Amino acid sequence: MPLLLPPPPTPTPPCASRDPLHAAPRRSRSPSTSRPPSRHRRTASARSTLPAAARDLLADDPTPRAFSALLKAASSSASPPRRPSSLGLGAQLHAQAVVRGFLGGDDSTILATAVLSFYASCREPDLARKVFDGMPRRNAVTWNALIKGYAQAGRREEAILLFRDMKREGSHVAPDRYTFPALLSGIGREGGSGRTLVSLYAARRTLEDAKVAFDQVGSSDPIVWSSMISAYVNCEEEEGALLIFFNMLCQDIKPTQFVYSTVFSVCGRMGILEMGKQVHAHSLKSNTEKDAAMFNALLTMYSDCGCINDAQKVFSSNDCVNVISYNSMISALGQHGYPKEALEHFRQMKFAGLMPDEVTLLNLISSFNHAGLVHEGLQMFNSMVDIEGIKPMYQHYACVVDMLARSGEIGKAMKTINEMPFEAEAPLWRIVLGACSKHRDIETGKRIAEMLFEMEPYEATNYILLGNIYARLGRWTEAEKVRSLMGERGVYKDDAFSWIEMGQRTYRFGVDDRSHPISREIYRNLDRLISTIKVAGYVPDISFAAHNIQRDRKEESLYYHCEKLAFAFGDLAAPSGGTLRIMKNLRVCGDCHCAYKYFSLVTGREIILRDNQRFHHFNSGFCSCGDYW
DNA sequence: CTAGGGTTAG
């Protein structure tokens, strides 16, 4: 076998060795470990990756401890991004340990666990399992490592089964404070971008199991709590994550920097500023020193809640600025419609000696995209390899396609898709379809829609966009046909809703929502506002009405869009002239966008609206997006 | 230098 390591030394007589492991009687090797898997042979490249120090260490009659240390070193470079060679490297260490008789004995648990952990870190839970099965003794560390291996490979069922076996009488080990983080690590992120509803559901079930066990056992270990919080976030259960955080505070467990970072991020994505501020204040009172991640998460929280100035303040007060700080700031400025400032931060960043990465360039191009600066965006994209040495990834191409298509260059967008070195995925086609709808390109739109109906038949947006193309052209029969197709196939779109914070509470509004206690006053205020802005020049744009219904009914259906209701409520409840921050789960409707401009004019209020794409700042009749979004 | 833990940007 072409092993790079030196041959095993001639066996020392047990009595001559002071190392208890050497002194241990050699056992017959278990079948699972005596013959390393065949893939070990392929990795001659491991030769070059073995550090010289490691080679010396091994040449000098290595002990099992040395093997453990080396396996650990190989592990840390193995988990993402994985280097293909590290699997071969660890496997060779494994093989050598076997040859030297270091594995298989009752006292070999630590080394075997190191081997197991190595395979687990290489996303090879089956190899880890083989080691596990061959071990005469296992402890909690062993079990936890294997559970983590399955969990991180996305094989939750097996991880859960192991967790249950571990709890069972007779396994001689009990779950400890490392077990929950192992079971929950990476939960809900399985498969990266291709996560399905089914996998999300499965992840939530695992989470529930863990929650039950967690409630039974309890723990004062902050990392156990923080892994629970992260698990909720990854499973898109933000409210649950906050509840865990509150429970943690109630039990007087001091949140760590990890916890604060995660909770800031939760408040940001939920768009709950008051809560975010309170958590921020809590972190200051608790004397938790802010680390880089906390600064960056805090910055993003303020930006996500619509407070770009506060985000900027956090950035300026950050004394441990890193690349992510700049990326976050550039992203925030782009989403709020400040491409020049984003570019300025890019220059500052390089001046400060920080190397821009893929995300930096993506955020910059995206900031140009938001602002409709197609020329600048293309220039940045075309020069990124030469000037920054960064090769465009899929997301960069997707951003450029989005930029071209939305600006009306649908032909160029299609050309880019055809020429890019990646296969376009459904979400990108959906963006182009949206642009076809916006620019009334019916032929291209139809072609893309047909393709999307195949690719993702249950994505409602595709039907709605195609329907809108027909509706805008007044082709009601065809629009209606698309609608009924949706019904036949049982496709439903997410309900639109908007929310606004007032005092300590968040108020949520659906379309035509009449569930609010002061609903009558809200509708009365909205009717009054509509009359006022009509006098000021607002004309309802009924092309945004969903159905082919009578004109006055259409107007009415527009009035009670959720974002208008949220504004009418905020206008009643907040001191006059004050800024209102409103969030929407979907894209803002074109008519509402127009109405908001008039609302800002007639009420003298600044309105900051976050939709699922970006921020709109309405002031004195104008929007920061310049009506391009 | 005997094995095991959770964040932040798009």
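Only a predicted model underlies this, so the values are computations on that prediction, with no experimental measurement involved. Below, all heavy atoms of this structure are taken into account, side chains as well, without hydrogens, waters or symmetry copies. Lettering follows sequence order; numbering is per chain, from 1.
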Query raised in the report: Does a side-chain N-to-carboxylate-O contact under 4.0 Å join A/Asp165 and A/Arg168?
Result: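 Salt bridge between A/Asp165 and A/Arg168, a charged N being under 4.0 Å from a carboxylate O: yes.
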
Requested in this report: May I ask you to say whether A/Lys130 pairs ionically with A/Asp126, meaning some side-chain N is under 4.0 Å from a carboxylate O?
Outcome: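 Here A/Lys130 does not pair with A/Asp126 in a salt bridge, since their nearest N and O are not under 4.0 Å apart.
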
It should be established whether [X] places a side-chain nitrogen or oxygen under 4.0 Å from OP1 or OP2 of nucleotide [N].
| X | N | value |
| --- | --- | --- |
| A/Ser230 | B/dT7 | yes |
| A/Lys148 | B/dG4 | no |
| A/Ser185 | B/dG5 | no |

Requested in this report: Answer yes if the ring centres of A/Tyr326 and A/Phe315 are under 6.0 angstrom apart, and no otherwise.
Outcome: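 Aromatic pair counts; centres sit under 6.0 Å.
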
Requested in this report: Carefully, step by step, assess A/Glu208 and A/Lys211 under the rule salt bridge (charged side-chain N to carboxylate O under 4.0 Å, His left out).
Outcome: CA-CA 5 Å; A/Glu208 283 309 310; A/Lys211 183 78 193 323; over 6 Å; no

Among [options], which nucleotide sits nearest the side chain of [X]?
| X | options | result |
| --- | --- | --- |
| A/Thr113 | B/dA3, B/dG4, B/dT7 | B/dA3 |
| A/Ser226 | B/dG6, B/dG4, B/dG10 | B/dG6 |
| A/Ile324 | B/dA9, B/dG4, B/dG6 | B/dA9 |
| A/Asp357 | B/dG5, B/dG4, B/dA9 | B/dA9 |
| A/Gln335 | B/dG5, B/dG10, B/dA3 | B/dG10 |
| A/Ala69 | B/dC1, B/dG10, B/dG6 | B/dC1 |
| A/Arg65 | B/dT7, B/dT2, B/dG4 | B/dT2 |
| A/Ser68 | B/dG5, B/dT7, B/dA3 | B/dA3 |
| A/Asn139 | B/dG4, B/dG10, B/dA3 | B/dA3 |

Look at all strands and tell whether [X] reaches a base, only sugar-phosphate, or nothing, counting heavy atoms closer than 4.0 Å.
| X | answer |
| --- | --- |
| A/Thr256 | base |
| A/Ser328 | sugar-phosphate |
| A/Asn322 | nothing |
| A/Val323 | nothing |

Between the base of [N] and the side chain of [X], is there any donor-acceptor pair under 3.5 Å?
| X | N | answer |
| --- | --- | --- |
| A/Ser227 | B/dG6 | no |
| A/Ser261 | B/dT8 | no |
| A/Asp221 | B/dG5 | yes |
| A/Asp176 | B/dG4 | yes |

Report task. Measure the shortest side-chain to side-chain distance between A/Phe381 and A/Pro392 over non-hydrogen atoms and say whether it is less than 4.5 angstrom. Result ->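 Sidechains of A/Pro392 and A/Phe381: in contact.
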
Query raised in the report: Side-chain contact, heavy-atom cut-off 4.5 Å: A/Met380 with A/Leu343?
Result: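 Yes - at least one pair of side-chain heavy atoms lies under 4.5 Å apart.
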
Nearest whole angstrom, please: distance from the [atom2] of [N] to the [atom1] of [X].
| X | N | atom1 | atom2 | result |
| --- | --- | --- | --- | --- |
| A/Leu111 | B/dC1 | CG | C1' | 14 Å |
| A/His345 | B/dG10 | NE2 | C1' | 17 Å |
| A/Leu184 | B/dG4 | CG | C1' | 15 Å |
| A/His94 | B/dA3 | NE2 | C1' | 14 Å |
| A/Leu364 | B/dG10 | CG | P | 13 Å |
| A/Ile308 | B/dA9 | CD1 | C1' | 13 Å |
| A/Gln257 | B/dT7 | CD | C1' | 10 Å |
| A/Met329 | B/dT8 | CE | P | 19 Å |

Requested in this report: Would you kindly say whether A/Thr360 and A/Asp357 are connected by a side-chain donor-acceptor distance under 3.5 Å?
Outcome: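 Indeed, the side chains of A/Thr360 and A/Asp357 share at least one donor-acceptor pair under 3.5 Å.
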
**Report entry** A/Trp225 and its ring-ring contact (aromatic ring centres under 6.0 Å, His included) partner, picked from A/Phe214, A/Phe180, A/Phe245
**Finding:**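 Only one of A/Phe214, A/Phe180, A/Phe245 forms a ring-ring contact (aromatic ring centres under 6.0 Å, His included) with A/Trp225, namely A/Phe214.
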
Query - Spacing of the P atoms in B/dG6 and B/dT2 (rounded, Å) - result: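 Taking atom P in both B/dT2 and B/dG6, they lie 23 Å apart.
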
Query - Same-atom distance (P) from B/dA9 to B/dG5, integer angstrom - result: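 Going atom to atom, P in each nucleotide, I get 22 Å.
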
Query - Any residue of residues 287-297 of chain A with a heavy atom less than 4.0 Å from an atom of DNA chain B - result: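 Going residue by residue through residues 287-297 of chain A, the ones with a heavy atom under 4.0 Å of DNA chain B turn out to be A/Ala293, A/Asn296.
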
Query raised in the report: For the atom pair NZ (A/Lys277) and SG (A/Cys307), what is the distance rounded to the nearest 0.5 Å?
Result: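 Answer for the NZ-SG pair, A/Lys277 versus A/Cys307, is 6.0 Å.
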
